[in-house]
Amino acid sequence: MKVYNVILSGGVGSRLWPLSRKQHPKQFLKLFSGKSLFELTAERNENVVDELMVVGNTDHIEWSTQLLKDIALPQTFIVETAARNTAAAIAFAALAVDTDDVLIITPSDHLIQNQDAYEKALKEAIDLAKQDFVVTFGVVPSKPETGYGYIEYEGKDVLSFREKPNTETAQEFLERGTFLWNSGMFCFKAGVLLDELKLYQPEVYEQCVATWEKSENKHLNAEASFQIPSISIDYAVMERSKRIKVVPAHFRWNDLGSFESLYDYLRTNGHAVDDNGNMIIGTDIFTAFVGMKNCILVHTVDAIMILQKEKSQDVKKIYNQLEKYKSTLR
């Protein structure tokens with residue numbers, strides 16, 4: 001039995017546009033003391049796993065191989081030729097290994113601090129996975145966050161999954177103390193995951209198997225891939241499985257999914273803000289904010305964006321418009 005860290009690396013990071021682009025998404029931006037979130041993900045799992053596996057699209061695999069060149073662990077790369085969401089990506093990882101191997105699924109764009117608490121949570125999850133449970137990681141919330149989904153729990157039992165709440169509901173979740181942030185990290189045996197996928201989403205399972213059989217050198221067959229229904233692992237398995245357990249995690253966690261979370265991280269680490277809480281990212285050009293508070297100016301070579309920090313979830317709308325019109329800025 002081996003333990004694999006499966007790093008999912010197919011996302012664009014549209015809520016961090018214009019820093020994050022289709023050809024250079026947020027997980028590869030070296031914003032964190034000269035390192036990328038992708039590198040930090042691989043490094044923090046190095047002490048716990050036997051091998052690394054990256055599932056990413058054609059554009060991202062070259063980035064991945066470059067950034068992992070200093071990691072000593074054996075590495076496997078599965079190349080997606082069509083994005084079919086996380087259920088398919090994880091199914092391919094499970095098909096690539098032995099059924100008793102344990103997979104730790106981690107997105108490539110999370111920022112996690114407190115390594116000791118992180119490794120303790122991983123080892124706890126691996127022990128549960130060896131008992132044929134499907135394990136999700138729930139992070140103990142530190143504020144009423146509206147950008148994350150929540151897990152209602154008791155001990156290690158999951159009572160329910162909740163969508164991203166409004167501010168009032170998030171505050172209620174925090175006060176009740178029986179809710180965790182849904183981190184999007186999972187742990188299970190490969191065979192157990194495939195059995196659950198076959199049970200709850202047989203079409204996804206069958207099309208993934210058919211695609212895998214037609215693929216060569218872990219480079220997925222494009223034509224077959226398009227036949228796979230696009231569905232997240234949360235909807236496909238996690239919210240339906242009777243084998244689900246949760247590990248309440250006490251490490252500091254942030255999915256860096258918005259400029260508000262990036263602002264908080266940068267400010268904590270000494271990035272300059274003015275007296276009204278305004279921040280500049282991406283340029284040393286003198287910039288003055290007049291009559292504005294808690295705003296962020298983002299500068300790249302071909303785009304400038306100014307946003308109210310609290311509206312950072314709306315940045316995705318700009319990206320979606322650029323995507324709709326096939327803009328070169330996306």
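As the structure is a computational prediction, the values presented were derived from the model and not from experiment. When a residue number appears, it is its place in the shown sequence, counting from 1.
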Connected via hydrophobic side-chain network under 4.5 Å: [X] and [Y]:
| X | Y | result |
| --- | --- | --- |
| Leu95 | Val54 | no |
| Leu37 | Trp17 | yes |
| Val273 | Leu31 | yes |
| Leu68 | Val79 | yes |
| Val247 | Val3 | yes |

Are the side chains of [Y] and [X] in contact, using a 4.5 Å heavy-atom criterion?
| X | Y | answer |
| --- | --- | --- |
| Phe28 | Ser108 | no |
| Phe188 | Ile90 | yes |
| Pro107 | Met185 | yes |
| Val315 | Leu16 | no |
| Ile71 | Glu46 | yes |
| Leu19 | Leu262 | yes |
| Asn45 | Tyr118 | yes |
| Thr167 | Pro144 | no |

> Using the ring of each side chain (for Trp, its six-membered ring), is His110 parallel, tilted or perpendicular to Trp253, with breaks at 30° and 60°?
Replying inline: perpendicular
Between [X] (side chain only) and [Y] (backbone N and O only), is there a donor and an acceptor less than 3.5 Å apart?
| X | Y | result |
| --- | --- | --- |
| Asn254 | Leu111 | no |
| Thr99 | Gly191 | no |
| Asn278 | Met292 | yes |
| Glu51 | Thr76 | no |
| His299 | Thr283 | no |
| Asn57 | Glu80 | no |

Closest non-hydrogen atom pair between [X] and [Y], with its separation:
| X | Y | answer |
| --- | --- | --- |
| Gly147 | Gln313 | CA-NE2, 4.0 Å |
| Ala42 | Leu52 | CB-CD1, 4.0 Å |
| Ser232 | Thr86 | CA-OG1, 3.2 Å |
| Leu220 | Ser225 | CB-OG, 3.9 Å |
| Phe259 | Ile296 | O-CD1, 3.7 Å |
| Arg84 | Phe226 | NH2-O, 4.0 Å |

> Going through the distances and angles, do Asn85 and Tyr235 end up as a side chain to side chain contact (heavy atoms under 4.5 Å, CB included)?
Replying inline: CA-CA 11 Å; Asn85 216 315; Tyr235 291 134; over 6 Å; no
Is the [atom1] atom of [X] crowded by more than 12 outside heavy atoms at less than 6.0 Å?
| X | atom1 | value |
| --- | --- | --- |
| Glu62 | CD | no |
| Asn269 | CG | yes |
| Glu154 | CD | no |
| Asn217 | CG | no |
| Arg240 | CZ | yes |
| Asp302 | CG | yes |
| Lys309 | NZ | yes |
| Phe32 | CZ | yes |

Is it true that the side chains of [X] and [Y] contain a donor and an acceptor less than 3.5 Å apart?
| X | Y | result |
| --- | --- | --- |
| Thr300 | Arg21 | yes |
| Glu119 | Gln115 | yes |
| Gln171 | Glu175 | yes |
| Ser261 | Asp264 | no |

> Please walk me through it: do Val6 and Phe186 pass side chain to side chain contact (heavy atoms under 4.5 Å, CB included)?
Replying inline: CA-CA 10 Å; Val6 179; Phe186 312 105; over 6 Å; no
Nearest 0.5 Å please: distance from the [atom1] atom of [X] over to the [atom2] atom of [Y].
| X | Y | atom1 | atom2 | answer |
| --- | --- | --- | --- | --- |
| His271 | Leu266 | NE2 | CG | 5.5 Å |
| Phe38 | Leu29 | CZ | CG | 13.0 Å |
| Lys316 | Asp314 | NZ | CG | 11.5 Å |
| Lys293 | Glu310 | NZ | CD | 11.5 Å |
| Ile151 | Arg162 | CD1 | CZ | 12.0 Å |
| Leu103 | Cys187 | CG | SG | 8.0 Å |

>> Checking Glu239 against Asp234 for the side chain to side chain contact (heavy atoms under 4.5 Å, CB included) test, could you report, in this order, the C-alpha distance in whole Å, the side-chain angles of both residues, the deciding distance, and whether it holds?
In response: CA-CA 6 Å; Glu239 296 182 11; Asp234 296 86; 4.1 Å; yes
Show me the donor-acceptor pairs, under 3.5 Å and distance only, between side chains in residues 120-141 and residues at least two apart or in other chains.
from	atom 1	to	atom 2	distance (Å)
Glu124	OE2	Lys156	NZ	3.0
Gln131	NE2	Asp127	O	3.2
Asp132	OD1	Lys189	NZ	2.9

> Given Lys218 and Trp212, is the side chain to side chain contact (heavy atoms under 4.5 Å, CB included) satisfied, shown in steps?
Replying inline: CA-CA 8 Å; Lys218 300 183 174 61; Trp212 187 251; 3.9 Å; yes
> Can you name the residues that form a side-chain contact (heavy atoms from CB on, under 4.5 Å) with Asn221, not counting sequence neighbours?
Replying inline: Lys214, Ser215, Glu223, Ala224
> Which residues satisfy the salt bridge (Lys or Arg N to Asp or Glu O under 4.0 Å) test with Lys22, sequence neighbours excluded?
Replying inline: Glu323
>> If the test is ring-ring contact (aromatic ring centres under 6.0 Å, His included), which one of Tyr148, Trp181, Tyr150 qualifies with Phe173?
In response: Tyr150
>> As a quick check of understanding, evaluate side chain to side chain donor-acceptor pair (under 3.5 Å) for Ser14 and Asn320, giving each step before the final call.
In response: CA-CA 8 Å; Ser14 56; Asn320 289 342; 5.2 Å; no
